[in-house]
Amino acid sequence: MKENAGTRAYGWFYSHACKKQLKAQYGGQTLKECRKEYREIIRRAKDIGPSRLLSAYCMAAWFIALNRGTGSSAEENYTLFRDGLVKSRLFHLAMGDADAYLDEKKLPGRLQWAAESKKRQCENDWVVDVLPGGEAFDLGYDYLECGACKLCRDEGCYELAQYLCRLDFLLADMMGMELRRTTTIAEGGEHCDFRYSRKKYSV
């Protein structure tokens with residue numbers, strides 16, 4: 001795919017979150033190598049068009065680059081990436097909160113997105129069913145195809161996809177939501193069943 005303002009912005013965003021710890025543990029040269037590898041992965045990646053999940057695609061590219069740049073285990077790199085995101089004020093601000101994410105006014109657009117995804121216009125984009133909330137949860141997604149898994153597959157490191165799945169729970173928690181999930185494509189499932197609910201706080 002072509003580099004554009006979006007891929008560059010997300011690349012900066014994710015590398016900035018890891019910057020301090022990366023430099024402390026591995027030195028400035030490793031950070032440069034990770035950034036260079038990220039750009040090369042993006043250039044090799046199949047285009048996903050005007051996808052709603054470009055941020056997730058770029059996150060996958062950055063995590064792959066991080067693993068290649070540090071040479072450490074996927075578990076160690078996951079911890080570094082996770083901790084960097086948790087400490088990033090900018091990331092917290094960008095994520096928003098449960099009320100914004102679960103706003104019912106967004107449902108028509110999400111249903112349209114799901115219908116468009118079934119056309120499979122871009123090979124590496126996500127394919128999704130959107131489930132309106134009810135008593136059991138506030139918003140659900142069944143991802144039938146996962147762009148992050150496809151990118152990891154294309155890059156010959158499919159085993160890294162499961163670590164990106166872990167981040168979904170972190171992101172939900174940061175936004176004040178609970179995520180329930182019983183299966184993922186990365187771990188051999190036929191789909192990924194996301195069920196989001198607002199956190200219930202005791203008084």
Side-chain angles (χ1 to χ4, degrees), residues 6 10 13-14 17 48-60 63 78-79 81-153 158-203:
Y10 287 123
F13 189 78
Y14 294 128
I48 58 172
S51 176
R52 283 187 173 220
L53 292 174
L54 177 62
S55 62
Y57 205 54
C58 292
M59 179 184 281
F63 188 62
Y78 167 76
T79 300
F81 195 20
R82 178 200 66 196
D83 292 350
L85 293 175
V86 169
K87 294 174 183 177
S88 172
R89 293 182 181 179
L90 181 59
F91 190 65
H92 282 262
L93 182 63
M95 290 303 297
D97 59 19
D99 287 339
Y101 189 76
L102 298 173
D103 188 344
E104 292 184 1
K105 293 178 182 178
K106 294 181 178 179
L107 183 58
R110 285 175 169 143
L111 292 172
Q112 180 62 33
W113 165 47
E116 289 293 323
S117 77
K118 305 296 195 316
K119 297 177 182 179
R120 292 173 169 82
Q121 294 178 329
C122 294
E123 181 182 347
N124 268 24
D125 202 2
W126 282 253
V127 178
V128 62
D129 284 328
V130 174
L131 290 71
E135 292 184 5
F137 55 86
D138 293 316
L139 178 65
Y141 299 101
D142 281 344
Y143 286 100
L144 311 178
E145 296 181 17
C146 170
C149 287
K150 294 173 184 178
L151 182 60
C152 288
R153 174 204 64 204
Y158 194 82
E159 71 281 358
L160 296 182
Q162 61 184 301
Y163 293 92
L164 295 162
C165 295
R166 289 194 206 174
L167 290 172
D168 295 323
F169 292 94
L170 171 68
L171 305 186
D173 183 66
M174 290 171 66
M175 296 170 71
M177 297 187 294
E178 295 176 352
L179 169 60
R180 287 184 291 110
R181 191 173 61 199
T182 65
T183 181
T184 66
I185 296 168
E187 296 175 306
E190 293 184 357
H191 67 286
C192 307
D193 58 341
F194 286 68
R195 303 293 184 266
Y196 289 106
S197 301
R198 287 179 175 82
K199 283 185 180 178
K200 297 177 176 61
Y201 299 97
S202 57
V203 179

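Computed from a predicted structure; not experimentally measured.
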Asker: Measure from the side-chain N and O atoms of K118 to the backbone N and O of V128, and report whether any donor-acceptor pair falls under 3.5 Å.
Answerer: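 Flag set: sc K118 to bb V128 pair under 3.5 Å.
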Asker: Who pairs with Y141 by side chain to side chain donor-acceptor pair (under 3.5 Å), at least two apart in sequence or on another chain?
Answerer: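 Only Y101, R110 meet the side chain to side chain donor-acceptor pair (under 3.5 Å) criterion with Y141.
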Asker: Grab the two heavy atoms, one from G189 and one from T183, that are nearest each other, plus how far apart they are.
Answerer: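 Shortest heavy-atom contact: CA-OG1, 3.4 Å.
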Asker: Once the angle between the rings of F91 and F13 is folded into 0 to 90°, is it parallel (under 30°), tilted (30 to 60°) or perpendicular (over 60°)?
Answerer: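 Aromatic pair F91/F13 classed tilted.
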Asker: In Å, rounded to the nearest 0.5 Å, how long is the span from CG of L164 to CE of M59?
Answerer: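 Output value for this atom pair is 7.5 Å.
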Asker: Taking C-beta and beyond as the side chain, do L167 and Y78 meet within less than 4.5 Å on heavy atoms?
Answerer: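 Answer yes - side chains close enough.
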Asker: What are the two closest non-hydrogen atoms of R153 and Y158, and how far apart are they?
Answerer: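 For R153 and Y158, the tightest heavy-atom pair comes out as CB-CD1, 3.8 Å.
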Asker: So, the side chain of S117 versus the backbone of A114: is there a donor-acceptor pair under 3.5 Å, distance only?
Answerer: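 Indeed, once roles are kept as given, a pair shorter than 3.5 Å links the two residues.
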Asker: Using every non-hydrogen atom in the two residues, find where K200 and E178 come nearest and quote the distance to one decimal.
Answerer: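 In this case the closest contact between K200 and E178 is N-OE2, 4.3 Å.
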Asker: Working to the nearest 0.5 Å, report the span between CG of L151 and CZ of F63.
Answerer: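 Here the interatomic distance stands at 12.5 Å.
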Asker: So how far is it from H92 NE2 to L171 CG, rounded to the nearest 0.5 Å?
Answerer: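 So the gap between those two atoms works out to 10.0 Å.
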Asker: State the CG-CG distance between L53 and D125, to the nearest 0.5 angstrom.
Answerer: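 So the CG of L53 and the CG of D125 are separated by 7.0 Å.
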Asker: Residues two or more places apart in sequence or in another chain: which of them pass salt bridge (charged side-chain N to carboxylate O under 4.0 Å, His left out) with D168?
Answerer: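 Listed in chain order: R181.
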Asker: Give every residue pair that meets the salt bridge (charged side-chain N to carboxylate O under 4.0 Å, His left out) criterion with at least one member in residues 130-152, sequence neighbours excluded.
Answerer: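 Found R120-E145, D138-R198, D142-R195, E145-K150.
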Asker: Measuring from atom CD of Q121 to atom CD1 of I48, what distance do you get when rounded to the nearest 0.5 angstrom?
Answerer: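 CD1 of I48 is found 13.0 Å from CD of Q121.
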Asker: Looking at SG of C152 and OH of Y163, how far apart are the two atoms once the value is rounded to the nearest 0.5 Å?
Answerer: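 Atom-to-atom, C152:SG and Y163:OH are 11.5 Å apart.
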Asker: For residues F169 and L179, report the shortest heavy-atom separation together with the two atoms involved.
Answerer: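 So the minimum-distance heavy-atom pair works out to CE2-O, 3.3 Å.
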Asker: Closest heavy-atom contact between Y10 and C58?
Answerer: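 Nearest pair, atom of Y10 first, then C58: CB-CB, 3.6 Å.
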Asker: For the residue pair A186 and C165, what are the closest heavy atoms and their distance?
Answerer: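 Looking at all heavy atoms of both residues, the closest pair is CB-SG, 3.6 Å.
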Asker: Angle class for the Y196/F194 ring planes (parallel below 30°, perpendicular above 60°, tilted otherwise)?
Answerer: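 Plane angle between 30° and 60°, so tilted.
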Asker: Can you find a pair of side-chain heavy atoms, one from Y14 and one from S55, that are under 4.5 Å apart?
Answerer: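 They are in contact (side-chain heavy atoms under 4.5 Å apart), so the answer is yes.
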